[in-house]
Amino acid sequence: MKKIGAIIIEDEKPARDLIKKFMEDREELELLGEYDNGFSGLKATHELEPDVLFLDVQMPKLNGFELIELLDCAPEIIFTTAYDQYAIKAFEQNAVDYLLKPFSKERFNEGVDRLLVRLEQGSGKKTTEKIRKHLSDSEELLNRVVIKKSGKIHVVAVSDIQYLEAQDDYVMIYTQQGRFLKQQTMKYYEKHLDSDQFIRVHRSFIVNVQVIERIEPYEKTNYILLLADGNKVPVSRSGMQVLKDKLDF
Amino acid sequence: MSHPITSRRRSLVIYILVWFLIFAINAAIIYFLQGFAVKIAIADSFISNFVFAVVGLLAWYPTRYIPYQQSSPVYSIMAHIVAGLLVILVWLTVTVGLLTTLHYGNDLYKDFLNRTLFWRGVVGSLFYLVLVLVFYLVVYAKNLKERAQAEERLKTLVRESELNVLKSQINPHFLFNSLNSISSLTMSSPDEAHKMIIRLSDLLRYSLKNRENEFVTLEEEIGRMQDYLAIEKIRFGEKLRYNLSVPQSCKKIELPTMILQPLIENAIKHGVYESVDPVDIEFNCVMHTDFLELSIVNDYDPDQPPSRGTGLGLQNVTQRILLAYEGKGHVDAKGENGKYNVRIFIPVKKAKKP
């Protein structure tokens, strides 16, 4: 029988040791590797293609959710976390499993049993999609954005974003460090960026108000924004109204 | 502050009614005691009193803009005498002028007007005095109310910060993760697990003291922070390095309990949690002539955007230091060259317990 390949991504050694210890008694599972941060965990997941990730949420470099955002494959996920009320509680127990630290051996085995059922159904893709959907439905504001660009991963602070431009199914994010293409919707960013700082000035543009240098009339009824770095962004009529309300002029 | 009489309908009505009463009495006196015709009595009383009712409203402004407590009383009194004389002068000129023109061919009345000029001035001054007193009462009452409100606000603020202090106790995230580590250690190294439980218990017991806002010696506070870091060390291993040294001269200094805990927690959160390389946390204490400087320095990656952070811990410590030392202590934080440095300055003379 082919074993189930597992990877542990968790920054605390005692926590990794515990999972390993519990895994010893489950012969169906085979440990492919253990990693103490999101970057190396993501890389290993792409290389080793495990069936399941035991994934901590809070980790250096990339947290568990950001890792899932960047995954190219779709392994099953079992979250292990201590206390993450807003991130975890909305998951349905059966859709995505999570082990609340500290957890018992019984609880661990229960999680593995459920995992076997899910693997049988081949629901890995559904799991990652569910997590992604849950994250985009949440009300939480972003502090940073993770982006993959030519094989490298960039973590961009939201305050470094100058503006965003819609490009078909993608959004181009313009930052001080260059521009990054991300598969995401404008609506998502409109919702997850602080609306006092980021304003949707146009159907295709969201601008960080801090980089606006000037607002100039353009043609007869339109306006255009001049940004600190010299770029120009068009403003729609309704966008102008929002700008007026937010910036109070 | 708007005019207390004209800006409120109710006070305006009362004001007018009072003047009607004065008008009626005055008219009666002129009619019955001086024996002038009804027409004259009514005209004299009506004009004198209602002109005063209008001009007298002006007395509000000197009252409002010459606050009694803030300037010297002599200055206030002088200012009111000048303002009062002006009001009376305007009033007398208008009323006597009007009444002389209107004297209905009665020379006796004209004579009466001239004779009573001085007394009219005296009565006007009395009216003015009463109005000023009323206005001062209004200002006083208003100030009293404002002060009570300000005190209430301050009390709420203090209460809120006290609540925050309670909230800033041991973070549940830390607690559950530590318990998870202990659960792991019970299998791999029971001795270590035992030590960790003792440390965690000491730390928890100590954190409960926070509720009473007690003062403790720096030595004790640092002892508990050693426990805290020892627990974190088991979780993070080589990634966390720390050195909390307290010079002999600082050991007995007293400070609010758990004042360093949020800062150490921050150092771990922004240093260790976000890093894959070893992070150093260092505590220092320097005694200056009349104040003490405590500092916590940790490595951090300034290029790494924070995954989540609210700055509540630092805000809390700042507020507590301000309250505990009645504004004589302060906190300062800055990050440069990959080191984050938080410094607490407190006066050396032991502060009063809050």
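Each chain gets a letter, A, B and so on, in the order its sequence line appears, and its residues count up from 1.
Interface residue A:K61: backbone and side-chain heavy atoms are both found under 4.5 Å from chain B. Looking at A:F22, the atoms closer than 4.5 Å to chain B (heavy atoms on both sides) all sit in the side chain, from C-beta outward. Residue A:V158 does not touch chain B at all, counting heavy-atom pairs closer than 4.5 Å. Residue B:S188: no heavy atom, backbone or side chain, is found under 4.5 Å from chain A. There is no contact between B:L175 and chain A, counting heavy-atom distances below 4.5 Å.
Of the inter-residue distances, the one linking B:N180 atom CG with A:T81 atom OG1 reads 10.0 Å to the nearest 0.5 angstrom. Here the CG atom belonging to A:D56 is positioned 7.0 Å from the CG atom belonging to B:N177, to the nearest 0.5 angstrom. Interatomic distance, CD of B:E238 versus NZ of A:K13, reported as 11.0 Å (0.5 Å rounding). Note that CD of A:E12 and OG of B:S178 are 8.0 Å apart. Values are rounded to the nearest 0.5 Å. Interatomic distance, A:D11 CG to B:K239 NZ, rounded to the nearest 0.5 Å: 5.0 Å.
The shortest side-chain heavy-atom distance between A:P60 and B:Y273 does not fall under the 4.5 Å cut-off.
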query: Under the side chain to side chain contact (heavy atoms under 4.5 Å, CB included) criterion, do A:K101 and B:L179 qualify, and how do the steps go?
result: CA-CA 8 Å; A:K101 293 174 189 170; B:L179 289 171; over 6 Å; no
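The heavy-atom pair separating B:S184 from A:P14 by the smallest distance is OG-O, 2.6 Å.
Shown here is A:K149, whose NZ atom has more than 12 heavy atoms of other residues, nucleotides or ligands within 6.0 Å. Counted within 6.0 Å of CZ on A:R132, heavy atoms from surrounding residues, nucleotides or ligands total more than 12; the atom is thus considered enclosed. Atom NE2 of B:H194 sits in a sparse spot, with 12 or fewer heavy atoms from other residues, nucleotides or ligands closer than 6.0 Å.
Comment: A:R144 engages B:E274 in a salt bridge, judged by a side-chain N to carboxylate O separation of less than 4.0 angstrom.
Ranked by non-hydrogen atom pairs under 4.5 Å with chain B, the options A:S40, A:S104, A:P102 are led by A:P102.
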